[in-house]
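All values below were derived from every heavy atom in this structure, side-chain atoms included, with hydrogens, water molecules and symmetry-related copies excluded. Throughout, a chain's letter reflects where its sequence line sits, starting with A, and its residues are numbered from 1. All of these numbers come straight from a predicted model, not from anything done at the bench.
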Amino acid sequence: MARYNPKEVEPRWRAAWDAQGVFRTRTADEAEGKPKYYVLEMFPYPSGNIHMGHARNYVMGDVVARFKRARGFNVLHPMGWDAFGMPAENAAMERGVHPKSWTYQNIDNMRAQLKLLGLSIDWDREFATCDPAYYGRQQRWFLDLMRRGLVYRKESVVNWDPVDQTVLANEQVVDGLGWRSGAPVEKRKLTQWFLRITDYADDLLESLKTLDRWPDKVRLMQENWIGKSRGLKLRWSFTGVAPEGYENGVEVYTTRPDTLYGASFLALSPDHPIAERLAADDPTVAEFVVRCRTGGTSEADIEGAEKLGLDTGLTVRHPFDPDRIVPVWIANFVLMDYGTGAIFGCPAHDERDLEFARKYGLSVTPVVLPPDVDSTSFKIEDEPYTGPGRLFNSAFLDGLDVDAGIAAAIDRAEADGIGEGATVWRLRDWGVSRQRYWGCPIPVIHCEACGAVPVPADQLPVVLPDDVSFDRPGNPLMRHDAWRKVTCPECGGPGERETDTLDTFVDSSWYFARFADPKAEPPIDKTAADYWLPVDQYIGGVEHAVLHLLYARFVSRALTDAGDMSVREPFAGLFTQGMVVHETYRLPEEARLRLNDQKGWIEPTDVEVINDAGNRSAKRISTGEPLLIGDIEKMSKSKKNVVAPEEILDSYGVDAGRLFVLSDSPPERDVQWTPGGIEGSWRFVNRVWGEFESLPQGSISASDPSAADALRRTTHKAIKAVTDGFDGFRFNSAIARLYEFVNAIKAASLETVGSDAKREALSALARLIAPLVPHLAEECWAALGARNTEIGGMVVDAPWPSYDAALAADEELVLPIQVNGKRRGEVRVRPGLGEGEVEQLALSDEAIKRHLEGLTVRKVIVVKDRIVNIVVG
RNA sequence: GCGGACGUGGCGGAACGGUAGACGCAGCGGACUUAAAAUCCGCUUCCCGAAAGGGAGUGUGGGUUCGAUUCCCACCGUCCGCACCA
């Protein structure tokens, strides 16, 4: 038997698909009544190379696309590039390459690599977000949203890297230092552009309920991120002279107005306007405010941060009891951008307030009495009480439970005209300004007379200038006077272009809609988008569970309200796939010291793992020295535990690789790359090919018709199981069933089952494996065609095999018989046999009789076609 | 701290509340081979037993049920998300 040669076979079939244009998308008019199906994988950032994680992601999408195609859907399966972003600028700074050429070179490289995977992608629809044709249209709708009031500028506090002279995202600040420069990050106030995502907070939250084909985990993460809370905004009036502008009092937000009688202090954020005003006049306050701001922003900093407070000397009156005077503090743990930036502290029933009160000697008055606790013995010590109970020490609220107390307090505040029930969101407006070159220019011109003026439609797109230098830190657009200095479109006076560019998450918030017709004149071709959207199956990493997926949902709503599209919810089905992980190998400490290699990671290609009676050890091939086997981690260059797709292609071909990344774990979980695993997939490829290759011409009749019948049953069961597996995203189970099927085909000798049953099985097999291993499937299909005139064309155009329900059902069942829940025997029956007959068979079974000796049968439970359980006493 | 997911052989993992361990990897035995690789056949949860068979078993402890890996409660462990959100 000739060994299957993927190096020869695979390119040949890719060329055949290309030559016939089989993956060209059919428009609605060309669909011939087929229902549409839009499969999309999150498009890649063109970092330079396709890695295994990409490969798994795109192969998964490709399996879905090919499967749906075979099942008669008109499929859209496009690919593009999320091409703006910082790595291109870093490359420019480090290597002197222009971001543009670096990016497009990477795209060329990665496109070629992706094509090797044999993906059923319509490459005619490809675009990159850094194409002016794309980002120019993004500028168009950005201005539309601006006209609709969804875009605004405001001053906000950002992480500023003083060396690189740029804003850093929170993720780019590591232990208070800039991730690139290593300089201490400063908090700076900058005027930034924002998108009003909070206008859609309620809709974004409520509609999560409709996303029944999203993982619960992702919906929950978005729900928490949006963070809706119901409570009361309540004004506290100052005793004596109020700070200017606060004559009506300071507003405080609380979700626990029931505990108002337990208030012992008010606390303002250090960024609260009152705090800032006090700081202007009082150096002590100013110093305190600065001290609060210098705290780190990392998780550990916040967790370990001590509560700091400063008594302002101001006091306010309790809103429900004017005789009670409450001190006003400034406290570092109060956030300015949540609620009103001011809280009331009720130490008895809030952990943070208690810590603060204990530190500064403020009073602690319990007002919620836990059930079955005596009010005289109830004391707050080190822990606040946050559970349910009845209110006491609380005047008109006494005796109410927590929920009733909250409602009553809100009613009273509203009746008194000192507060309103309010909804507060954790979600903030989306800051989209980036002080960077390699991004979509914000199409605005600043004019001293006219303010921020949108660039007129006939002057779009605002194209990035190519002649920029990266020899100095900061945004080169700011020093590019020829580009920056323009006349104001309104008054004709001197104007300056906005030099901020858009967050790259804006680029990825609408690309799926552009794919509907990527050459259309408007940003989104409404007819095409109405046909293709929503994306039926979106596939990507869970790391985008909140940001990208939330932004895309928001932009879809905004663009729908602006009339550009009609689908508010862009992704009907979402699947979050797991990563590709690999064991790590490391030099022992002694060798690390000797070689002055602190990390000492060794790449898998230089490692031999020895398995000695279950004890695994590793040695370095190049030197023969022993290595430590480390944790199994995400493939990464830093740990050197990367297996490059090219290496696999070279030795096993694409199909074996495609099969392996899906076979060893459920798709939502991480898959561990192992040499043995890929070998197993490779063996399967060869076994399959062997079956087709060894099929002779002509027909052979079955020597054992019952064996032929059994193979037919196996075939139809396999079709059903694999179809269900693909439908349910259980690729690993579907593959397991295919292995079983191939084993069964192999076990059925041609003489015994005859050529008809064998051909039927192989014809089904070729089509069932086609989504997974498309090249092999074509080769098999062609081999079948060469031996059977009824089969022709390519398997990519063949319809999905259907199964005969009668054949897919079992002819005979083996029912286990349990005695008191323990399996004691079995009985063979035909499906659907009546309960009484099954019971008789079970009770008359010899093995069962033995187990029933001397016992009384109390009850016999017969579950039809499933099991018999005899209960004895 | 809050929220969520997960915990099954040596390993990856299968099991609409109904035969736990499918399928694969590794391992062991055998065939082919001068030999090896490749391939093929068989065995492979643990304990007792030559076998037939028996017992135990899905993180731990309880509960619901004729029957629980699956449902409920508590605990332990691992991973993920959020995190001073009032």
- Task: Answer yes or no: is there an ion pair linking A:K228 with A:D202, defined by an N-O contact shorter than 4.0 Å?
- Result: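 A salt bridge links A:K228 with A:D202.
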Result block: side-chain N/O donor-acceptor pairs under 3.5 angstrom for residues 861-872 of chain A, not counting sequence neighbours:
unit_1	atom_1	unit_2	atom_2	d
A:D865	OD1	A:G832	N	2.8
A:D865	OD2	A:G832	N	3.3
A:N869	OD1	A:G821	N	3.1

- So with a 6.0 Å cut-off around CD of A:E812, is the heavy-atom count from everything else above 12?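 Yes, the 6.0 Å shell around CD holds more than 12 heavy atoms from other groups.
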- Within a radius of less than 6.0 Å around NZ of A:K619, do more than 12 heavy atoms belonging to other residues, nucleotides or ligands occur?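 No.
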- Query: How are the rings of A:F344 and A:W236 set to each other: parallel, tilted or perpendicular (split at 30° and 60°)?
  - Reply: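 Judged by the thresholds at 30° and 60°, the geometry between A:F344 and A:W236 is tilted.
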- Query: Parallel, tilted or perpendicular: which describes the rings of A:Y4 and A:W682, with under 30° parallel and over 60° perpendicular?
  - Reply: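 It falls in the tilted class, 30° to 60°.
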Every protein N/O lying under 3.5 Å from an N/O of nucleotides 52-56 of chain B:
unit_1	atom_1	unit_2	atom_2	d
B:rG54	OP1	A:H851	NE2	3.2
B:rG55	OP1	A:R824	NH2	3.2
B:rG55	OP2	A:R824	NH1	2.9

Under a 3.5 Å cut-off for both contacts, is [N] paired Watson-Crick or G-U wobble with anything, and if yes, with which nucleotide?
N: B:rG67; result: none
N: B:rG7; result: B:rC76
N: B:rA50; result: none
N: B:rC2; result: B:rG81

Atom [atom1], compared across [N] and [M]: separation rounded to whole Å:
N: B:rU69; M: B:rA15; atom1: C1'; value: 8 Å
N: B:rG17; M: B:rC66; atom1: C1'; value: 12 Å
N: B:rA56; M: B:rA20; atom1: C1'; value: 13 Å
N: B:rG53; M: B:rU58; atom1: C1'; value: 24 Å
N: B:rG62; M: B:rC46; atom1: C1'; value: 25 Å
N: B:rU8; M: B:rG3; atom1: P; value: 25 Å
N: B:rA38; M: B:rA26; atom1: P; value: 9 Å

- Message: Return a single string for nucleotides 12-24 of chain B, one symbol per nucleotide in 5' to 3' order, where B is base contact, S is sugar-phosphate-only contact and - is none, cutoff 4.0 angstrom on heavy atoms.
- Response: SSSSB-BB--BSS
- Under the 6.0 Å and 45° cation-pi test, does A:K307 pair with A:F356?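 No, a cation-pi geometry is absent between A:K307 and A:F356.
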- Message: Can you work out whether A:L335 or A:W682 has the more 5'-proximal nearest nucleotide on RNA chain B?
- Response: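 It is A:W682 whose nearest nucleotide is closer to the 5' end.
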Close N/O contacts between protein and nucleotides 75-79 of chain B (under 3.5 Å):
none

- Query: For B:rG9, does the O4'-C1'-N9-C4 (purine) or O4'-C1'-N1-C2 (pyrimidine) torsion place it in syn, i.e. within 90° of 0, or in anti?
  - Reply: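 Syn conformation here, the glycosidic angle of B:rG9 being no more than 90° from 0.
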Just the rounded figure in Å: distance from [atom2] of [N] to [atom1] of [X].
X: A:D337; N: B:rA86; atom1: CG; atom2: C1'; answer: 13 Å
X: A:N820; N: B:rG67; atom1: CG; atom2: P; answer: 8 Å
X: A:F660; N: B:rC25; atom1: CZ; atom2: C1'; answer: 9 Å

- Message: salt bridge (charged side-chain N to carboxylate O under 4.0 Å, His left out), that's the test. Do A:K717 and A:D810 meet it? Break it down for me.
- Response: CA-CA 9 Å; A:K717 274 185 200 163; A:D810 284 301; 2.6 Å; yes
With heavy atoms under 4.0 Å as the rule, sort [X] into base, sugar-phosphate or nothing.
X: A:V334; answer: base
X: A:K864; answer: nothing
X: A:T674; answer: nothing

Side-chain polar contacts of residues 720-740 of chain A - donor-acceptor pairs under 3.5 angstrom, sequence neighbours left out - could you list them?
unit_1	atom_1	unit_2	atom_2	d
A:K720	NZ	A:D724	OD2	3.1
A:T723	OG1	A:I719	O	2.5
A:T723	OG1	A:W800	NE1	2.9
A:D727	OD2	A:R71	NH1	3.3
A:R730	NH2	A:D724	O	3.4
A:R737	NE	A:E740	OE1	3.2

For residues 249-258 of chain A, tabulate all N or O donor-acceptor pairs below 3.5 Å that involve a side-chain atom, not counting sequence neighbours.
unit_1	atom_1	unit_2	atom_2	d
A:E251	OE2	A:R235	NH1	3.4
A:Y253	OH	A:S229	O	3.2
A:Y253	OH	A:S229	OG	2.5
A:Y253	OH	A:G231	N	3.4
A:T254	OG1	A:R256	N	2.8
A:R256	NE	A:D258	OD1	3.0
A:R256	NE	A:D258	OD2	3.3
A:R256	NH2	A:D258	OD2	3.0

- Task: Using distance alone, with no hydrogens and no angle criterion, decide if A:D429 and A:T198 have a side-chain donor and acceptor under 3.5 Å apart.
- Result: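 A:T198 and A:D429 do have a side-chain donor-acceptor pair below 3.5 Å.
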- Could you check if a side-chain atom of A:V402 sits within less than 4.5 angstrom of a side-chain atom of A:I406, using non-hydrogen atoms only?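 Answer yes - side chains close enough.
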